[in-house]
> 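Input: one structure, supplied below.
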Amino acid sequence: LDNNSARSASVYQVITDRFARPSSVSSTCNASDRKYCGGTYSALIEKLDYIKGMGFDTVWISPIVENIGGTTGLGEAYHGYWTLDADKTNDNFGTADDLKSLSTALHNKGMYLMVDVVVNHVAATSGGSFTPNADYGPFSSSDNYHKFCWIENYNNQTNVEQCWLGDDQVALVDLATDTDTVKNYWNNWVKELVSNYTLDSVRIDTVKHVQKDFFPNFVSSAGVFIQGEVLNGDASYVGAYQKDAQVNPFNYPAYYPLVRGFNQTSGDLTELVEMVSTIKSNFNDPTLLGNFLNNHDNPRFESTVTDLSLIKNAHAYPFVTDGIPYGYYGSEAGFTGGEDPANREPLWSSNYDTSSTMYQYFASLNSARKAAGNASDTFYTNQMTVSPLSSSSILIAKSPLISVLSNSGSSASDASVTVQSSASGWSGNTEVIDAISCETLTTDGSGNLAVTVKGGLPRVFIASSQKGSVCSGSST
Ligand code: ABC
Ligand code: CA
């Protein structure tokens, strides 16, 4: 995928170890044990229709490289972020050929593969006294690393880039990404990775811990779409990575106000509305941001929110906004895990139920987004406008998709709001359909739409003439 085609993607994030495992494996999997649970690429292949059935077309898998073995004070490396030898693969997930088969299987279904990569560090249990050896493959010399110091001051960028993440139990030994040896290695490595496994996109871990000038060459060596993790809520700080490092960040700036706006019926939606304009002024192109509600590093939204209407509204946001939507495995199954490691439940415990409310809900969201993209050449590239509609609802106008999100909750009484034709672009007497309820409504003679928010549910409208497969019961 290039930047342009990536905009129309919809990504489903899995933790490879937790998404699917061979039926021959039956050991208990408690997320709190922080142990490998047996998930593999081959088992994932068998579940691609489960993902595709929700309308996602891209699968983001865990880092694939060999990790430190055995157990640590923080458990095993089941998540894949504790690199040992970047030239080898993690055989807990299968062989290199199994990974190639996954790539092929996805492509045969018209889907895409995104792999997570870590360039900032390797891992060790020896704390600050780490000395590399041949087990670290390409990085077996001390010259390949920054000298030991823990990151202690997140406001000091030099400290963030050159000191080490982690702790005495698992040190994330910081690579000297400012040396030619390390840079050249990673540039060739990512090029080979993309070509060996025919990858379509790459997620980069710990971007803010690597100096910005590392990335332009790395991104062009990869040659595919890049989404990078800059874990910070400040739009100006994160926006600089799109401007200066050619990395398209995940939308952490929107994440925090999104959670706060919808996690209670008294949440403040104006904070989110204001963040949207802050993002517009701090990013070169907000339509390339990666939007998410849940991921593997934060407590699931559902760990603190039980109201189904609040949950549905919050999950709608990534799908009806500027940028690429990311769904995290288990949201469709109603998982409620909190902080890492609780948010990494085994999906097999859900029996991959495609009839669940949230599974069907994600299918509706994906089909609405797809219909809008099919109906308009500029849907993905034009920037939305977001405005308050009432104290408990906002309008997201991303023509031809027009959404009303509310935080009034499921016990709220019916509320009336009006979508003005100046915001929607609809003309008089236009029939529109709500992709969530499948109800059809018609604008008045001037093109304004009277909307009743029922039970605090989200409303995602598209003109009936543009609805494609919306509400047809099929997500493709
Ligand atoms: C392990 C255990 C956990 C335990 C933890 C201490 O150690 O498993 O149970 O709680 C991997 C594994 C983790 C593992 C870690 C460490 O390695 O997945 O399970 O945790 O061994 C990425 C990945 C993440 C991965 C790594 C390491 C990096 O997505 O899965 O973790 O390869 C920092 C990094 C960020 C990193 C994150 C985990 O830590 O910057 O790249 N994620 C502040 C800092 C952030 C910091 C964040 C969390 O805290 O600024 O830099 O992220 O510690 C906003 C502010 C933000 C602020 C947030 C909290 O609030 O704007 O700046 O973030 O308002
Ligand atoms: Ca670093």
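Below, each value reflects all heavy atoms present in this structure, side chains not excepted, and no hydrogens, waters or symmetry copies. Order of listing sets the numbers, starting from 1, for every ligand and every atom in it. Predicted model, so just to flag it, every value in this text is computed and none were measured.
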> Do Ser101 and Asp98 get their side chains close enough for a donor-acceptor pair, meaning under 3.5 Å?
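Note: Ser101 and Asp98 side chains miss the donor-acceptor criterion.
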
> Less than 4.0 angstrom from a charged side-chain N to a carboxylate O is my criterion; do Arg260 and Asp268 meet it?
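No.
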
> Could you check whether Gln227 and Asn248, counting side-chain N and O atoms only, form a donor-acceptor pair closer than 3.5 Å?
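Not at all, the side chains of Asn248 and Gln227 share no donor-acceptor pair under 3.5 Å.
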
> Determine, considering heavy atoms only, which of Val160, Ile151, Asp297 sits nearest to atom 29 (O) of ligand 1.
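Selected option, by shortest heavy-atom distance: Asp297.
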
> Count the heavy atoms belonging to other residues, nucleotides or ligands that lie under 6.0 Å from NZ of Lys280, then report whether that count exceeds 12.
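Enclosed.
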
> By side chain to side chain donor-acceptor pair (under 3.5 Å), which residues pair with Asp91, not counting sequence neighbours?
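Per chain and number, Asp91 pairs via side chain to side chain donor-acceptor pair (under 3.5 Å) with no residue.
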
> Around atom 47 (C) of ligand 1, find the nearest protein heavy atom and jot down its residue, atom name and distance.
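Nearest protein contact, heavy atoms only, for atom 47 (C) of ligand 1 is Leu231 CD1, 4.0 Å.
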
> Report the part of Arg203 in contact with ligand 1, treating N, CA, C, O as backbone and CB onward as side chain, heavy atoms under 4.0 Å; options are side chain, backbone, both, neither.
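For Arg203, only side-chain atoms sit under 4.0 Å from ligand 1.
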
> Under 3.0 Å from the Ca ion (ligand 2), which protein N, O or S atoms do you find? Ignore water molecules.
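As for protein N, O or S atoms lying under 3.0 Å from the Ca ion (ligand 2), they are Asn120 OD1, Glu161 O, Asp174 OD1, Asp174 OD2, His209 O.
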
> Have a look at Glu339, Arg344, Glu229 and point out the one with the heavy atom closest to atom 41 (O) of ligand 1.
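It is Glu229 whose heavy atom sits nearest to atom 41 (O) of ligand 1.
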
> As a check for students: among Tyr81, Phe250, Tyr252, identify the option with a heavy atom nearest to atom 31 (O) of ligand 1.
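The nearest heavy atom belongs to Tyr81.
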
> Just by distance, with hydrogens left out, do Asn4 and Arg7 show a side-chain donor and acceptor under 3.5 Å apart?
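There is such a pair between these side chains.
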
> Between Glu302 and Ser331, is there a side-chain donor-acceptor contact under 3.5 Å, judged purely by atom types and distance?
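No, Glu302 and Ser331 have no side-chain donor paired with an acceptor closer than 3.5 Å.
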
> Evaluate the side-chain proximity of Tyr359 to Met54: yes if any heavy-atom separation is below 4.5 Å, no if none is.
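Yes - at least one pair of side-chain heavy atoms lies under 4.5 Å apart.
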
> Identify, for atom 1 (C) of ligand 1, the protein heavy atom at the shortest distance, and state residue, atom and that distance.
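For this ligand atom, the closest protein heavy atom is Leu74 CD1, 3.8 Å.
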
> If we ignore angles and hydrogens, is there a donor and acceptor under 3.5 Å between the side chains of Tyr185 and Asp87?
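Indeed, the side chains of Tyr185 and Asp87 share at least one donor-acceptor pair under 3.5 Å.
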
> Quick one: which ligand 1 atoms are inside 4.0 Å of a heavy atom on Lys208?
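So the atoms of ligand 1 that pass are 40 (O), 44 (C), 45 (C), 50 (O), 51 (O).
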
